[in-house]
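See structure below.
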Amino acid sequence: MSNVQKEKRLSLVGRVAIVTGGNRGIGSGISLALAKAGASVVICYRRDEAAAKDITAKIEGMGKKAIALQADITDCDKVKEIAAKTVDTFGKVDILVNNAGIASRGKNILDTEAKEFHKLMEVHFFGALHFTQAVLPHMRKQGRGDIHFISSLETIACLPGHGPYVMAKAALEGMAKVLAKEELQNNIRVNIIAPGLVETEMGRRLVKANVGRDIKELYPTMPFRRACQPSDIGNLCAFLCSEDGGYISGHVIYVDGGGTIGQMLV
Ligand code: NDP
């Protein structure tokens, strides 16, 4: 196979992606990687408009197309608006990355109020559900699509004090696995990407709260002497959407540099 043929199999030219929380952290790495592979990207952000503008400008600087749209993903009507605006602007939606998420307070289950569990479920599970339901009819109609769910290694580490987060991500994974089976006849691939610790605001805060240190100070103890970066997750997303990722669906892909379960989570 020539290099040109190889590049074509990895290309996302002509495809349209929505990335929730695509303005910063892991989502920004995903937005940039999908755009680099040729996709047009809709960046869904909640509050940080400046970050959304920055990523949009970076993508346009690559000669690719991007727009930033504001929505809280727990607002079902707003999510439907974003799906409609995406189709109005780009004519279709091919790729959805359910990435947006929040951390939890870190108390034991006994001491955690029910409303904290509801909050985490609202964002991680229902936010992803709203977006998935909003884009699926478009993907089915066009006979092709990719949906990625960003989960976490925490669903197998199940660390004490992480109850609401683990529960919400486990629910997310359950939805994704059923969806993968339901949609395979519609040529829609569904995968779960489960990172260990990633160097983002959420990751940095987690390290600070648990060991009182800067994440960079931990590099010598990490696989490959570095922390996982948003681009590591973005590159995997782009591959899974490409022709070369064509037979991968219904899986959880752990991205932890090979660190054994739980050890990477400080
Ligand atoms: P960050 O805190 O750095 O960024 C969170 C992103 O989610 C922001 O773009 C934020 O938008 C968006 N967001 C949060 N709540 C909402 C909402 N209600 N509606 C719309 N957007 C929302 O987190 P990360 O980038 O680290 O995390 C991204 C995903 O990866 C999350 O699902 C997280 O659980 C998961 N993850 C993270 C790991 C890590 O170590 N960092 C490890 C494993 C998984 P805005 O900026 O506008 O507020």
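We count ligands from 1, going down the list as the structure has it; atoms in each ligand are counted the same way. In what follows, residues are counted from 1 in the order of the sequence shown. These numbers come from the heavy atoms of this one structure, side chains and all, not from hydrogens, waters or symmetry mates.
- Side-chain contact annotation: S242 with D244, donor-acceptor N/O pair under 3.5 Å absent.
- The heavy atom nearest to atom 31 (C) of ligand 1, considering only I150, N99, I55, is found in N99.
- Looking at P195 next to ligand 1, no N or O pair under 3.5 Å apart turns up.
- Here the shortest heavy-atom distance to atom 13 (N) of ligand 1, taken over A227, A194, A100, A128, belongs to A100.
- Looking at T200 and R205, their side chains never come closer than 4.5 Å, going by heavy atoms from C-beta outward.
- Here atom 42 (C) of ligand 1 lies nearest to G196 when heavy atoms of G196, S152, G203 are compared.
- Residue E49 places no heavy atom under 4.0 Å from ligand 1.
- Of the candidates R24, E122, H124, R24 brings a heavy atom nearest to atom 1 (P) of ligand 1.
- Between N23 and ligand 1, at least one N/O pair is under 3.5 Å apart.
- Placement of V97 and L10 within a single hydrophobic cluster is found when ILVMFWY residues are connected by side-chain heavy-atom separations under 4.5 Å, directly or transitively.
- Taking each of P230, G21, G29 in turn, the one with a heavy atom nearest to atom 12 (C) of ligand 1 proves to be G21.
- Neither the backbone nor the side chain of C228 comes within 4.0 Å of ligand 1, counting heavy atoms alone.
- Cluster annotation: L206 and I215 are assigned to the same hydrophobic cluster (Ile/Leu/Val/Met/Phe/Trp/Tyr, side-chain heavy-atom contacts under 4.5 Å, transitive).
- Taking 4.5 Å as the limit, some side-chain heavy atom of I95 sits within range of a side-chain heavy atom of R15.
- With T155 as the partner, the side-chain hydrogen bond (donor to acceptor under 3.5 Å, both in side chains) test is satisfied by one option alone out of E173, H162, K169: E173.
- Residue-ligand proximity, G25 to ligand 1, at heavy-atom distances under 4.0 Å covers atoms 3 (O), 25 (O).
- Side-chain N or O atoms of E199 include none that pairs as donor or acceptor with a backbone N or O of C228 at under 3.5 Å.
- Short contacts between ligand 1 and D48, defined as distances under 4.0 Å to a heavy atom of the residue, involve ligand atoms 45 (P), 46 (O), 47 (O).
- Between G22 and ligand 1, not a single N/O pair is under 3.5 Å apart.
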